[in-house]
Each structure stands twice: as structure tokens, then as C-alpha cells.
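A short write-up of the structure that comes next.
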Amino acid sequence: MKVLITGASSGIGREMARVLAPKSEKLILVGRDVGRLQALEKELSPLCPGEVAGVACDISVTENCVDLHRRFPDVDLLINNAGFGDFGEFSGTSLEKDLSMIDTNIKGLHTLMKLYLRDMVRRDQGQILNVASIAGFAPGPLMATYYATKGYVVRLSEAVRRELRARRSRVRISVLCPGPVRTGFEKTANIGFAFHGADARKVARYALSHLDRFYIVPTAPIRAARLLLSPLPSSLAAEIIYRIQSARRG
Ligand SMILES: NC(=O)c1ccc[n+]([C@@H]2O[C@H](COP(=O)([O-])OP(=O)(O)OC[C@H]3O[C@@H](n4cnc5c(N)ncnc54)[C@H](OP(=O)(O)O)[C@@H]3O)[C@@H](O)[C@H]2O)c1
């Protein structure tokens, strides 16, 4: 199996790479931090029956995504995982960071999904795992841009899943929707979690052993939260999320 993971240099993506290494005939690890990619490549190469390739690539730049696809076409499993958030009132957070988040969480994921899905549809084989978040199911006051980007990922995945079903395609798509996970996410987003975050390795293992599902929601409390949030009017969901996010201040 040929696997490409974005955001493989840290957190959930790195743990997924560790789980997949023994099963992959080619493992492509994408991120920006060359040092961390090289360290992971060195760690995983002896465990992988095929080649492990660390590739420095900023997926927020469209040309980089196009180039990545040109260099590594025809993957069997694309894990669209790279992403980050930012905490604070919308009027106060950095426009530059917001736009970079949109370019990474939305544009980069969208571009790679389209390019690789075309290959997969042509071959009638392959799987895409888009990493969204429980944040993809509700408005997210105090992390408004991040929640909106993850809402995009959920909606895009849901729509494409239906299109694939209509053409009776064997290509599969799944969307991973974790709650808080202990990774580099908190530091990048300038937050402390209101709840104790899940273990990244457990989340990675759970996700990869449930690829037959469309919505993959690790941990029972987050599955319950999703069920509770779904029927609520968005104004009420926003009120609840606002209270939870407020507890993260300071
Ligand atoms: N941790 C949580 O609580 C949580 C909950 C739900 C969903 N998620 C989602 O899970 C995914 C992984 O995040 P994480 O929690 O594992 O955080 P993390 O430890 O900070 O990892 C983020 C990864 O994304 C990569 N990345 C960020 N911007 C990039 C860019 N422009 N180009 C290429 N790679 C980029 C980073 O690599 P470089 O720094 O090397 O570029 C890093 O490998 C994200 O999509 C996040 O939204 C996280």
C-alpha cells in the first residue's frame, strides 16, 4: 500500500505514520519541519518493508500541492491531516494567521483531495481520510475560523461521499472528527484544553482501524457530544461552545 500523510512531522499524523510503517510499500511523510521529518524517516525506515520518504512541503501553497501530486501520483491512501487552529475573538486574532489557516486547512486539503481523488476514481480504487474535528459540527466562538475550516472539511467529505456512491465507486472516503488530543495543536493555537486531551497514538490507532466508517469519532465522550450537538439550533450550539471555549482563556 502506498500512503501519503500530510502533517506527518508531529501529533496525530506522526502517530499514524508509526502505525502504518510496517504495512506500507511506500510511505510519504509531508510537513514543513525538515528536522522532524528526517528523524521520523530514520525511525520508520527499518520498520517499513518499502521506502519511507520525508518530503518538506508547505501545503498552504497550491503549486506545492500540485508538485507533490506530480512527484508522488497514485497513492492508495491519502491522509489529509495537516492543519492548525487559533484561539481568540475573531476581531482580535491575526488576519495573516487566519488566511494561512484557510490556505492549509481548506485550500491545501481541497487541492490534494481533488488531485488524488481523480487518480483513485480513474483506477476505481483508493481511500482518502480527511482529518476534520468535532469542531466541524458546530459554530465555534473564540475559535471561529478554525471551526469554520473544519465545517468545510466535513461538508466537502459528505458531498463527495454521495457522489462516489452514485457512481458505484469502490473509492472510499472517511472523515476523522476527534475532540481534544494532546499534540502540538494547543501551542500553535495558543490555548489550554478545557478537558484532558486524548492520547495521539490511541486516536491514530482508532482512526486507522475504523477506515470502513465514514465518520470516525474516537472516544465515547466525543461521540456523545456529537450526538447531543447535532439536533441543537446553531445559536444554542454556539452558546455552549462559547462557554466551553471561555474556560480556556488564560
Ligand atoms: N489536537 C487536537 O486537539 C485536534 C482535535 C481535532 C482535530 N485535530 C486536527 O488534527 C490534525 C493534526 O493536528 P495535531 O493535533 O496532530 O497537531 P500538531 O501536532 O500541531 O500537528 C500538525 C501537523 O500539521 C503540519 N502542518 C501545519 N501546517 C502545515 C502546512 N502549511 N504544510 C504542511 N504541513 C503543515 C505540521 O507540520 P510542520 O509544522 O512540520 O509543517 C504538523 O505535522 C489537524 O488538522 C488538526 O486540526 C486536532
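Predicted model, so just to flag it, every value in this text is computed and none were measured. Numbering of ligands and ligand atoms starts at 1, following listing order.
- Within 6.0 Å of CZ in F214 there are more than 12 heavy atoms belonging to other residues, nucleotides or ligands.
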* For the pair K26 and D74, evaluate salt bridge (charged side-chain N to carboxylate O under 4.0 Å, His left out) and give the outcome as yes or no after the intermediate values. => CA-CA 11 Å; K26 181 145 186 149; D74 291 330; over 6 Å; no
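- Considering only residues two or more places apart in sequence or on other chains, E163 meets the salt bridge (charged side-chain N to carboxylate O under 4.0 Å, His left out) condition with none of them.
- Judged as a side-chain hydrogen bond (donor to acceptor under 3.5 Å, both in side chains), and not counting sequence neighbours, the contacts of D119 are H69, R122.
- The side-chain heavy atoms of I173 and N130, taken from C-beta on, include a pair separated by under 4.5 Å.
- Ligand 1 is surrounded by G7, A8, S9, S10, G11, I12, G31, R32, D33, R36, C57, D58, I59, S60, N81, A82, G83, T104, V131, A132, S133, Y146, K150, P178, G179, P180, V181, T183, G184, F185, F193, each with at least one heavy atom closer than 4.0 Å.
- Residues passing the salt bridge (charged side-chain N to carboxylate O under 4.0 Å, His left out) test with R155, sequence neighbours excluded: E158.
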